[in-house]
Amino acid sequence: AVFNILRNRIYLGEVYYRGESYRGRHKPLIDEETFELAQRILASKSVKRSGSVYLLSSLLECGSCGGKMRYMRWGNGEKSQLKILCYSFFPNSTKKYLVKDEHCSNGIFNAEEIEKAVTDAVMRFAVEYGEEKARSGFSENEIAEGLKAKKEKLSVEYSRLVSAYRKLGDDELLEQASALLKKIKKLERDIALESEKKTFERLELKKIEALRTLPDTWDKMDDKAKQRVIRSVVEKVVVSKDKIDVHLVKSAYDKIVDDD
């Protein structure tokens with residue numbers, strides 16, 4: 001509020017209307033020279049804050065009380081360390097809804113150690129999952145080709161029955177043709193489904209390759225990219241004094257397989 005007052009040109013006798021500055025009817029409280037001096041002093045005192053990207057933000061859960069955990073800079077200067085601790089350590093916080101237990105017995109943890117444990121778990125998952133999926137394969141070519149061949153055969157038979165009906169006018173031929181047409185329509189739906197699966201397969205193979213090569217590309221990523229990767233595979237990280245539980249997100253592909 002104080003900074004806004006010092007930067008407000010209304011004290012120079014000006015008013016703003018629709019984004020434009022105009023000379024007001026009120027008397028200025030300070031002159032232009034004093035105002036400009038104040039701006040230079042403010043500029044020299046200002047501190048540029050760089051937005052920190054914390055790898056596990058929003059994913060941390062206290063293993064003792066079940067509350068959220070936060071990052072906090074511990075100490076000053078070069079000796080300061082980044083810590084992770086439960087919000088319950090701050091019972092007077094403005095975010096009281098995050099305080100689960102004011103008497104939470106959980107500890108204060110070194111953020112670097114927690115991040116390394118989580119990163120190691122994600123790397124192991126990435127490599128093992130990627131290799132497992134690569135071994136299992138997705139070969140649907142034979143199924144798709146078989147469906148197309150069957151449809152082609154039924155289409156020939158359907159055309160023969162329709163031609164025969166036109167010549168003979170036998171209703172039984174028409175019924176046979178109608179039954180074949182239903183089978184052909186179903187095959188078309190099955191072929192379209194296989195086509196969708198092929199598209200999904202290509203996307204899944206790209207994801208598998210990305211997972212398998214994640215340990216090689218990790219150090220080349222910036223902090224934002226690393227955070228996105230972690231959030232894409234980690235549901236939450238439960239931190240206790242004696243262990244760190246990394247809960248991974250179940251992949252969409254696995255859900256599709258389970259539903260089948």
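One-based numbering along the sequence shown.
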Can you tell me how far apart [atom1] ([X]) and [atom2] ([Y]) are? Round to the nearest 0.5 Å.
X: Ile191; Y: Lys148; atom1: CD1; atom2: NZ; result: 7.0 Å
X: Ile230; Y: Leu55; atom1: CD1; atom2: CG; result: 5.0 Å
X: Gln227; Y: Asp222; atom1: CD; atom2: CG; result: 10.0 Å
X: Lys183; Y: Glu188; atom1: NZ; atom2: CD; result: 15.0 Å
X: Ile184; Y: Glu157; atom1: CD1; atom2: CD; result: 9.5 Å
X: Trp74; Y: Ile108; atom1: CH2; atom2: CD1; result: 3.5 Å

Linking I/L/V/M/F/W/Y whenever any side-chain heavy atoms sit under 4.5 Å apart, do [X] and [Y] land together?
X: Phe109; Y: Val238; value: no
X: Tyr54; Y: Phe89; value: no
X: Leu154; Y: Leu161; value: yes
X: Ile84; Y: Val122; value: yes
X: Val99; Y: Leu60; value: no

Exercise for review: Quick one: which residue pairs count as a side-chain hydrogen bond (donor to acceptor under 3.5 Å, both in side chains) with a foot in residues 105-124, not counting sequence neighbours?
Suggested key: Ser64-Ser105, Tyr71-Glu115, Lys116-Asp120
**Study point:** Listed partners of Tyr165 passing ring pair (Phe, Tyr, Trp, His ring centres under 6.0 Å), at least two apart
**Key:** none
Exercise for review: For Phe90, enumerate each residue passing the ring pair (Phe, Tyr, Trp, His ring centres under 6.0 Å) test, keeping only those at least two apart in sequence or located in another chain.
Suggested key: none
Check your understanding: Can you pull the salt bridge (charged side-chain N to carboxylate O under 4.0 Å, His left out) pairs that have at least one residue in residues 65-75, sequence neighbours excluded?
Key -> none
Restricting to side chain to side chain donor-acceptor pair (under 3.5 Å), what partner residues turn up for [X], sequence neighbours left out?
X: Lys100; value: none
X: Glu152; value: none
X: Gln81; value: Lys83

Under the rule for salt bridge (Lys or Arg N to Asp or Glu O under 4.0 Å), what residues qualify as partners of [X], not counting sequence neighbours?
X: Lys236; value: Glu61
X: Lys220; value: none
X: Asp223; value: none
X: Lys150; value: none

Residues 166-178 side chain polar contacts: donor-acceptor under 3.5 Å, at least two apart:
residue : atom : partner : partner atom : Å
Asp170  : OD1  : Glu172  : N            : 2.9
Ser178  : OG   : Leu174  : O            : 3.0

Point to revise | Arg231 side-chain N/O to Ser57 backbone N/O, donor-acceptor pair under 3.5 Å | key: yes
Review point. Got Cys86 and Cys65 here, is their nearest side-chain heavy-atom distance under 4.5 Å?
Key: yes
**Study point:** Residues Val249, Val234; criterion side chain to side chain contact (heavy atoms under 4.5 Å, CB included); working and verdict
**Key:** CA-CA 5 Å; Val249 175; Val234 176; 5.8 Å; no
Study note, to complete from the structure: Residues Glu235 and Leu59: closest non-hydrogen pair is O-CD2, 3.6 Å
Review point. Between Ser88 and Cys62, is a side chain to side chain contact (heavy atoms under 4.5 Å, CB included) present by the stated rule, with each step listed?
Key: CA-CA 9 Å; Ser88 296; Cys62 176; over 6 Å; no
